[in-house]
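Quick notes on the structure that follows.
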Amino acid sequence: MTVACSPARLPRHLFRTLQCRRCYSTRAPVSLLGQQYPTDSTTNITSAIIDKVGRNLYMNPSHPLGILQSLISSHFHNFNSMVGLNPVVSPARNFDDLGFPPDHPGRAATDSYYINKDLMLRTHTSAHEVETFARGERQWLLSADVYRRDEIDASHYPVFHQMEGARVFSADAAGRAELEDDNARLSHHLARSNIVIEDVPHITASNPRQDVHDPVLAELVALNLKLSLNSLMLTLFGDRAGANEGEPLRVRWIEAYFPFTTPSYEVEVFFRGKWLEILGCGVVQQQTLDRARVPDSISWAFGLGLERIAMILFSIPDIRLFWSQDPRFVSQFTAGQINTFKPYSKYPACYKDLSFWLPHTGLHDNDFCDLVRDTVGDLVQDVVLIDSFTHPKTNRSSKCYRINYCSMDRSLSNDEANSIHAQVISNLKDKFGVEIR
């Protein structure tokens, strides 16, 4: 049973959020990092997302994301490490400059946050690749917050943090000599380390080199990429992955596809009994270097999600916790140290089902999830589609979602859950004109 929303039933900060929520279709300017941006019919950024811009969790040296970012930066100590880049980019920088096809699903408003038709929040750190190469950077790391519309569960959040790295070599005899020397150094290091690597061929018919690349140089660059990242895996997981002390670190390479690299690979680590995906990487598409006006060169690049790895290394069970300012969370971490998170919250979830007829224009799952997040913030633990139905006579369609409300920091009463659920229903009706079943 649901009850009417009342400020007496809700924490003051939550009620204020509900009252001041921003509708997707607003024509008021969007304010981000002190700058005003005009809106239009493309605008779909929400107040919940706007509130997160500029938090820069990865720049706090005592935050799990900051600890991990510093560890990776230290491993690549001779790379230029960049932080703090503005998240507002053009769709061209986010997609076109990297070779994304025009029909790539990431371009859709259901997948990305648009400020207006000309500007968006970056969906990956690669949005800055061309400009970074163009500045003449030859080996660099870039850490940043990125934004994607997504489902709601313990491992997905619409704001997360990535770290990208790249290294450029001259496509001549000097570059070949540099690669051969570095490959020999890294091979010697790995041969003496407690690591077992399940590799795939560097280049195959299904994962080809680029036609513009010299075959020998392409093999050397792919090998350097693999050796460099195998070494990084040792730094991150070498003493932590095995169930028993002394077990070797197991790393597995898999062929992959990314629009901005070829050949491309994914890297997995066997961590405490199961294989976990860690990062994606590959040899940078030559058109990216051409756009950056970096001639006669070849480069590799990798990208990883800081939350994904931090959840593994620190044993953090819910991605929402990274945003917590509860002293019981933040006090557990110290700069330069990786330790196991000790849970302090065992508050049960309170679930509510919500069934409604879809509007004639339809309703994407990510639109519904964004509305829930924008209404209740981090009091939602997960949202699951439990039923869908199409009426055989009227052809009307309906969906039923189960919303689990759960606070990370305190008990959430059933009355509070009823109140915020009632607000979700109200907002759903107001924005999409749905009919509740």
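- W323 and D378 are not linked by any side-chain donor-acceptor pair at a separation below 3.5 angstrom, with hydrogens and angles left out of the test.
- Between the side chains of Y405 and N418, no donor-acceptor pair is found at a separation under 3.5 Å.
- Looking at N116 and T43, their side chains never bring a donor and an acceptor atom within 3.5 Å of each other.
- With W357 as the aromatic partner, R396 meets the cation-pi criteria of under 6.0 angstrom to the ring centre and within 45 degrees of the ring axis.
- Between the side chains of D40 and Y114, not a single donor N or O lies within less than 3.5 Å of an accepting N or O.
- Side-chain contact of Y401 with D387: a donor-acceptor pair under 3.5 Å is absent, judged by distance alone.
- Defined by atom type and a distance below 3.5 Å, a donor-acceptor pair is present between the side-chain atoms of N427 and T375.
- A centroid separation of less than 6.0 Å is found between the aromatic rings of F260 and F100.
- Donor-acceptor pairing under 3.5 Å is lacking for the side chains of Q285 and T262.
- Looking at T123 and R148, their side chains never bring a donor and an acceptor atom within 3.5 Å of each other.
- Between the side chains of H128 and R122, at least one donor N or O lies within less than 3.5 Å of an accepting N or O.
- The distance between the ring centers of F368 and F356 falls below 6.0 angstrom.
- For the atom pair CG (L358) and CD (E435), the distance works out to 11.5 Å, reported to the nearest 0.5 Å.
- Between E129 and T288, the side chains place no donor N or O within less than 3.5 Å of an acceptor N or O (distance only, hydrogens not considered).
- Remark: F333 engages F314, F329 in a ring-ring contact (aromatic ring centres under 6.0 Å, His included) (not counting sequence neighbours).
- Both cation-pi conditions hold for K226 and Y265: the charged atom is under 6.0 angstrom from the six-membered ring centre and inside a 45 degree cone around its axis.
- In this model, a donor atom of one side chain and an acceptor atom of the other lie less than 3.5 Å apart for S264 and T261.
- W140 and F76 have their aromatic ring centers separated by at least 6.0 angstrom.
- Salt bridge annotation for D96-R107: present, with a cationic side-chain nitrogen under 4.0 angstrom from a carboxylate oxygen.
- Donor-acceptor pairing under 3.5 Å is lacking for the side chains of T132 and E137.
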